[in-house]
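Nothing here was measured: the structure is a model prediction, and the numbers come from that model. These numbers come from the heavy atoms of this one structure, side chains and all, not from hydrogens, waters or symmetry mates.
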Amino acid sequence: MILAWPPGPLHRWFEHLRSCMPGHTHVGELAALAVAVVGGGWLLLAAWRGMTRVSRTVTERRRHHEMVQLIARYPDSPRDVCLIEHPFALIYCLPRRARPIVMTTGLLKQLDGAQVEAVLEHERCHLQHRHHLVLAVADAMRTALPWSATVKHAVTELSTLVEMVADDAAVRRCGVAPVVDALHRLTPVTGPTGSLGAGDESGRRMKQRIARLEAGRGQARHPGPRAVLLLSLATLSGVLLAAVALHLPC
């Protein structure tokens with residue numbers, strides 16, 4: 001309703017609608033009111049869907065924390081890791097203050113020291129630059145606009161981007177070879193909801209990341225991870241605003 005009052009962005013459109021109905025001023029006003037009510041209701045529904053998705057993600061992440069605490073061991077070093085017994089080579093992070101990185105004993109058996117350090121740097125980059133917040137907002141947008149192929153594609157590409165940014169951080173600290181070798185050895189499985197892991201459930205995307213690093217593109221200097229992700233998120237927000245304004249599938 002607020003958008004329909006001058007100088008709101010919908011005011012001119014409503015005035016045009018009224019001018020198309022000479023002699024039927026009340027009909028035009030009612031039509032404008034109906035459009036405003038429907039549009040406002042749609043916006044509220046989209047916002048509710050997005051907030052519900054974020055709340056569900058936070059709840060599931062908290063439950064996973066509680067389960068990890070029941071079975072994890074806490075090594076003296078590194079101090080940001082908790083260790084669980086499992087034959088698969090898995091590592092992921094779930095943002096929290098204490099011991100945010102979860103690693104399996106299988107990873108320690110299958111990776112050497114340099115490779116372990118590389119995947120740890122990958123996870124620390126996720127945590128340092130709050131990648132989980134970026135992806136949470138993007139996931140909320142996808143839930144709010146489930147019919148939008150553009151938003152769905154943008155969210156997929158954004159998740160790939162954060163992994164590449166973390167790969168770059170690991171390369172700068174540990175070199176290309178340990179990162180590439182570690183990615184080859186990690187078990188490709190889907191992580192817990194709200195987690196970020198160096199491993200990738202998509203074989204195509206993992207091959208894309210490895211090929212990029214082997215080609216030397218991961219070593220090139222680029223804007224800081226935060227700047228890159230903020231630009232991507234701003235682009236995704238622009239898509240959302242455009243979709244809301246047009247109220248049409250992308």
Side-chain angles (χ1 to χ4, degrees), residues 51-140 142-143 155-156 158-160 162-167 169-171 173-174 178-206 209-210 225:
M51 293 174 62
T52 300
R53 177 60 180 174
V54 172
S55 177
R56 185 181 303 119
T57 298
V58 172
T59 299
E60 292 178 0
R61 192 164 60 202
R62 184 184 302 115
R63 289 175 179 172
H64 187 78
H65 282 161
E66 294 172 353
M67 289 189 293
V68 167
Q69 289 177 348
L70 295 175
I71 60 175
R73 293 190 284 115
Y74 303 98
D76 294 334
S77 180
R79 300 288 296 176
D80 55 354
V81 169
C82 57
L83 194 64
I84 58 176
E85 292 284 343
H86 202 285
F88 287 173
L90 299 175
I91 184 170
Y92 58 90
C93 63
L94 283 166
R96 57 178 175 177
R97 292 186 177 181
R99 306 277 183 169
I101 300 176
V102 181
M103 186 166 59
T104 64
T105 53
L107 183 137
L108 294 177
K109 294 177 181 178
Q110 298 180 43
L111 275 64
D112 63 25
Q115 294 162 1
V116 171
E117 186 61 29
V119 292
L120 284 173
E121 286 300 322
H122 180 106
E123 300 306 323
R124 287 164 182 158
C125 178
H126 283 319
L127 294 166
Q128 180 182 358
H129 296 286
R130 306 290 193 273
H131 290 171
H132 63 285
L133 295 179
V134 175
L135 294 183
V137 172
D139 190 42
R142 179 172 55 185
T143 304
V155 171
T156 300
L158 189 61
S159 63
T160 301
V162 299
E163 293 304 328
M164 289 182 174
V165 169
D167 288 341
V171 165
R173 185 68 179 267
C174 304
V179 177
V180 171
D181 292 342
L183 293 180
H184 277 299
R185 294 171 182 269
L186 292 176
T187 304
V189 296
T190 303
T193 301
S195 68
L196 283 164
D200 195 336
E201 71 279 6
S202 170
R204 179 192 62 81
R205 189 164 63 177
M206 178 65 86
R209 290 167 56 195
I210 292 174

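Remark: R56 engages T52, R53, E60 in a side chain to side chain contact (heavy atoms under 4.5 Å, CB included) (not counting sequence neighbours). By the side-chain hydrogen bond (donor to acceptor under 3.5 Å, both in side chains) test, T104 pairs with no residue at all, sequence neighbours left out. For R173, the salt bridge (charged side-chain N to carboxylate O under 4.0 Å, His left out) partners are E121, not counting sequence neighbours.
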Determine all donor-acceptor pairs shorter than 3.5 Å in which one atom belongs to a side chain in residues 67-84; sequence neighbours excluded.
| residue | atom | partner | partner atom | Å |
| --- | --- | --- | --- | --- |
| R73 | NH2 | E85 | OE2 | 3.1 |
| D80 | OD1 | R124 | NH2 | 3.2 |
| D80 | OD2 | R124 | NE | 2.8 |
| D80 | OD2 | R124 | NH2 | 3.4 |

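Taking OG1 from T187 and CD1 from I91, the interatomic distance works out to 12.0 Å, rounded to the nearest 0.5 Å. L94 CG to R62 CZ: the interatomic distance, rounded to the nearest 0.5 Å, is 12.5 Å. The CG atom of L111 lies 10.0 Å from the CG atom of L120; values are rounded to the nearest 0.5 Å. Here the CG atom belonging to L186 is positioned 9.0 Å from the NE2 atom belonging to H122, to the nearest 0.5 angstrom. Separating the CG atom in L196 from the SG atom in C125 is a distance of 10.0 Å, to the nearest 0.5 Å. Note: H132 NE2 to R61 CZ = 5.5 Å, rounded to the nearest 0.5 Å.
Summarising the geometry of P178 relative to A114, their closest heavy-atom pair is CB-O, 3.8 Å, with the distance given to 0.1 Å. Scanning both residues, A118 and V179, for their nearest heavy atoms gives CB-CG2, 3.9 Å. For L90 against L107, the heavy-atom pair with the smallest separation is O-CD1, 3.7 Å.
Each salt bridge (Lys or Arg N to Asp or Glu O under 4.0 Å) pair with one or both residues in residues 92-114, not counting sequence neighbours, would appear here, but there are none. Sorted by first and then second residue, the ring-ring contact (aromatic ring centres under 6.0 Å, His included) pairs with a member in residues 89-108 read H64-Y92; sequence neighbours excluded.
With no hydrogens or angles considered, no side-chain donor-acceptor pair links H131 and E163 at under 3.5 Å.
Q110 contributes no side-chain N or O that, together with a main-chain N or O of F88, makes up a donor-acceptor pair within less than 3.5 Å.
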